[in-house]
Amino acid sequence: MREQLVELIRNALPLLEGAGDPEALAAFPVLVSIPKNAQFGDYATNVALGLAKVLKRSPLHIAQDLAGRLPANLTWLERVEVAKPGFINFFLKDQAFHGTLLQIILRGEAYGRMDWGTGRKVQVEFVSANPTGPLHIGHGRGAALGGALAALLHATGHTVETEYYLNDMGTQMETLGRSIQARALEISGREITFPQNGYRGDYISDIAREILQENPEALQEDLAFFSRRGQEKILQGIREDLAAFGIGFDHWFSETSLYTRGLVDALIERLRGSEIFYESEGALWFKSSAYGDEKDRVVVRSNGAKTYFASDMAYHLEKFGRGFDQVIDIWGADHHGYVPRLKAALKSLELDPEKLTVVLVQLVNLLREGQPVAMSTRAGEFVTLRAVIDEVGKDAARYTFLTRRSDSPLDFDLEVAKKQSLENPVFYVQYAHARVQSVLRVAAGQELEASPLSFNSLHLLALPEERELCKTLTEYPEVVSAAAQALEPHRLTSYLGELAGLFHHYYNHNRFIGDDTELSLARLLLARAVGIVIKNALNLLGVDAPEKM
RNA sequence: GGGCGAUUAGCUCAGUUGGAUAGAGCGUUGGUCUCCGGAACCAAAGGCCGUGGGUUCAAGUCCCGCAUCGCCCA
């Protein structure tokens, strides 16, 4: 709808008085927005205000001129008005919105899918938690965000690959092994001194116990054994938690593989002789300060150990080598200082840093009845993602994680997420969908079906609330588009809240099924369209749309 | 000390590439309910958009200073 208006305006621009160079006008951005105030119409444009300088005429005059040159007699346009400073306001006929109801029902699941991203290959890398412990609630937020972004990009036509980068190297794997080994010894009744900096969570003892049960002779094994078995078990747990959360990955990328494939060494060899690397105090440094980082970084320590930074450079070089047009990394906000460094690295490797987008995710504050739930990783006491899923369910968790923009801290109240009442945003939306289905079931029992065949009845939808609902449904594809473009899935939860609100309000004041069969059919069509849009949107967020609750 | 981000109603937050009278939920106050799902509904009150400048026809939105908070790095 909005696009049609843009088209209309664009076509009229060259006809303007004193339009001059048609190419300059063609490049002029035409913005059509939805006014907050209904008295300014369904849509409005401010082109005349912008053109005032270009054309050196008063905006009001331009607006009047332009409005006069728009085609009359359009079936979907009621009237066009020019307002004060130079806005042009468009008032649409009801039937303009009725058309979308039909479109929604005909397209079904495909309504809201677009193809503007076709041909663009995008990778979304997220979660990527170290395999040293179970996923915690912060990872859950990253997972929900990554899953939704992947779905949004897919819905807009992109070719999307999801990836989990596994930091399975180095001292932390060794620490994991030592921790498990120590617990295994402890369980067997030995006196131990628990390793300093070891992982102290209860899950370590659980794993040690499992290993001993599977193999009573395990104590004979070396450290590498405990590291390997520990990692396997933790990874299995992570996969299971993600599966319970509805998240799967196309690729699991192992940091170790970068070394076995010689990619890290190749990277270092490639850059060793170049100006951006230098040796100092026995270590190899990357001159990242030359690329906007605040200081230079060590790549190879004096003892020969390669740093994480070396791995990350090699990893991103490898990623870009796979031909992605855009690479999206989702990180915890505490890593934000790492962004300029990595971008500097890409630049030095002659890769376009613009192709890397790092989305930072802020902390989650877990609450119960408004009171903070203690969360300390230091002592190994943290709230796991699994615990949250078990308590409030996958749907409530995923939805709640996506109710705020990712760079804003999130308060997650377990009690609210569990509530079966309308103050729980997830319930509010799912309930709207269940209500739609309930109405449709009752209608079906009376031989009433909301089929496209009842299109002729749609003109009976003349109430302001019905118009508002239809208009909101029309906006859905634009919301998907904007959310995908801005990488902000929370726009969908906002939209869903609004749509569900309108529907509940309408439901509370109007009957879908009444004596007037024609009217009933039209309203059922509306209900069905609302149901489809809610389901499609929830689907993008990884949340189920229940038939009954 | 340096960097990044934030500051919008009592609370938690939206606010679409700068647009017209700044929105929602919760909470508060007052009212309503025999209904396809009451697992409610209607209405009201509530705002110096942290602060001071700047750009613009137009600033919650963009730029600069300051204050406060959070995080990262020293």
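Below, chain A is the first sequence line, B the second, and so on; all start at residue 1. For the numbers below, each heavy atom of this structure counts, side chains included, while hydrogens, waters and symmetry mates do not.
- Note: Tyr338(A) and Phe309(A) have perpendicular aromatic rings, judged against thresholds of 30 and 60 degrees for the angle between ring planes.
- Figure legend. U55(B) is base-paired to no nucleotide; pairs are counted as Watson-Crick or G-U wobble with both atom distances under 3.5 Å.
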Could you go through nucleotides 40-42 of chain B and list every protein N or O atom that sits under 3.5 Å from one of its N or O atoms, giving the distance for each pair?
{"from": "C42(B)", "atom 1": "OP1", "to": "His505(A)", "atom 2": "ND1", "distance (Å)": "2.4"}

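- Taking only side-chain atoms of Arg511(A), from C-beta outward, the nucleotide of C4(B), G60(B), C35(B) with the closest atom is C35(B).
- Taking atom P on both C26(B) and A43(B), the two are 14 Å apart, rounded to the nearest angstrom.
- Counting non-hydrogen atoms under 4.0 angstrom, Ala83(A) reaches a base of the nucleic acid.
- A44(B): Watson-Crick or G-U partner is U28(B), with both key distances under 3.5 Å.
- Across all strands shown, Ile34(A) has heavy atoms under 4.0 Å from base atoms, whether or not it also approaches the sugar-phosphate.
- In the set U17(B), G19(B), G15(B), the nucleotide with an atom closest to the side chain of Leu49(A) is G19(B).
- Checked against U56(B), A14(B), U16(B), the side chain of Ser494(A) finds its nearest nucleotide in A14(B).
- If you check every strand for non-hydrogen atoms under 4.0 Å, Tyr431(A) touches a base.
- Rounded to a whole angstrom, the distance from the P atom of C62(B) to that of A6(B) is 9 Å.
- Contact annotation for Lys419(A): no contact, since no heavy-atom pair falls under 4.0 Å across all strands.
- Taking the six-membered ring for Trp and thresholds of 30 and 60 degrees, Phe512(A) and Tyr507(A) have ring planes inclined between 30 and 60 degrees apart.
- Between Tyr495(A) and Tyr476(A), the ring planes are tilted. Angles from 30° to 60° get that label.
- Leu51(A) places its CG atom 15 Å from the C1' atom of G19(B), with the value rounded to the nearest Å.
- Spacing between atom CG of Leu363(A) and atom P of C71(B) amounts to 8 Å, rounded to whole angstrom units.
- On a pure distance criterion of 3.5 Å, a polar donor-acceptor pair joins the side chain of Asn89(A) and the base of A20(B).
- Ranking C36(B), U21(B), G15(B) by closeness to the Glu488(A) side chain, first place goes to G15(B).
- Glu478(A) has its CD atom 14 Å from the C1' atom of U17(B), to the nearest Å.
- Here the P atom of nucleotide U16(B) and the CD atom of Glu498(A) are 14 Å apart, to the nearest Å.
- Looking at Leu356(A) and His316(A), their side chains come closer than 4.5 Å, going by heavy atoms from C-beta outward.
- Taking the six-membered ring where tryptophan is involved, the planes of Phe427(A) and Tyr431(A) are essentially parallel, since the angle between them stays under 30° and well short of 60°.
- Below the 3.5 angstrom threshold, one finds a donor paired with an acceptor across the side chain of His336(A) and the base of G3(B).
- Taking side-chain N and O atoms only, Lys36(A) has no distance below 4.0 Å to OP1 or OP2 of G23(B).
- Two residues, Tyr506(A) and Gly337(A), neighbour RNA chain B, and the one matched to the more 5' nucleotide by heavy-atom proximity is Tyr506(A).
- His158(A) and Trp116(A) have their aromatic ring centers within a separation under 6.0 angstrom.
- When each of Asp407(A) and Gln39(A) is assigned the nucleotide of RNA chain B bearing its nearest heavy atom, the one mapping closer to the 5' terminus is Asp407(A).
- Atom CG of Leu487(A) and atom C1' of U16(B) are 15 Å apart (whole Å).
- Taking the six-membered ring where the residue is Trp, the centroids of Phe455(A) and His98(A) are separated by 6.0 Å or more.
- Taking atom C1' in both U8(B) and A22(B), the straight-line distance is 8 Å, to the nearest Å.
- In this structure, Trp331(A) atom CH2 and C71(B) atom C1' are separated by 15 Å, rounded to whole Å.
- The P atoms of G54(B) and U61(B) are separated by 14 Å, rounded to the nearest whole Å.
- A donor atom on one side chain and an acceptor atom on the other are not found under 3.5 Å apart for Ser457(A) and His459(A).
- Side-chain polar atoms of Ser408(A) and Gln362(A) form no donor-acceptor pair below 3.5 angstrom.
- For G30(B) and U34(B), the C1' atoms lie 24 Å apart once the distance is rounded to whole Å.
- Here A14(B) sits opposite no nucleotide as a Watson-Crick or G-U wobble pair (both hydrogen-bonding atom distances under 3.5 Å).
- Both thresholds, 5.5 Å between centres and 30° between ring planes, are not jointly met by Phe87(A) relative to the base of G19(B), so the two rings are not stacked.
- Between Phe40(A) and Phe87(A), the ring centre distance reaches or exceeds 6.0 Å.
- An OP1 or OP2 oxygen of U16(B) is reached within less than 4.0 angstrom by no side-chain nitrogen or oxygen of His490(A).
- Within 4.0 Å of Ala44(A), counting heavy atoms only, lies at least one base atom of the nucleic acid.
- The same atom, C1', is picked in U68(B) and in G52(B); the two are 15 Å apart, to the nearest Å.
- Remark: G70(B) base-pairs with C4(B); criterion is Watson-Crick or G-U wobble with both hydrogen-bond distances under 3.5 Å.
- You'll find the side chain of Ser438(A) stays beyond 4.5 Å of the side chain of Lys548(A), heavy atoms only.
- Distance from the side chain of Phe40(A) is smallest to A20(B) among G37(B), C57(B), A20(B).
- A distance of about 47 Å separates the C1' atoms of U17(B) and C35(B), rounded to the whole Å.
- Checking G38(B) for Watson-Crick or G-U wobble geometry (two distances, each under 3.5 Å) identifies no partner in any strand.
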Just the atom pairs and distances: protein N or O near nucleotides 11-13 of chain B's N or O, under 3.5 Å.
{"from": "U12(B)", "atom 1": "O3'", "to": "Asp411(A)", "atom 2": "OD2", "distance (Å)": "3.4"}
{"from": "U12(B)", "atom 1": "O2'", "to": "Arg404(A)", "atom 2": "NH2", "distance (Å)": "3.0"}
{"from": "C13(B)", "atom 1": "OP1", "to": "Pro409(A)", "atom 2": "O", "distance (Å)": "3.3"}
{"from": "C13(B)", "atom 1": "O2'", "to": "Arg404(A)", "atom 2": "NH1", "distance (Å)": "3.0"}

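- How far NZ of Lys471(A) is from OH of Tyr43(A): 6.0 Å, rounded to the nearest 0.5 Å.
- Per the geometry, CZ belonging to Phe503(A) stands 11 Å off C1' belonging to G37(B), to the nearest Å.
- Using P as the reference atom, U16(B) and A39(B) are 38 Å apart when rounded to the nearest Å.
- In this model, no donor atom of one side chain and acceptor atom of the other lie less than 3.5 Å apart for Tyr315(A) and Glu255(A).
- At whole-Å resolution of the value, CZ in Arg528(A) and P in C36(B) are 23 Å apart.
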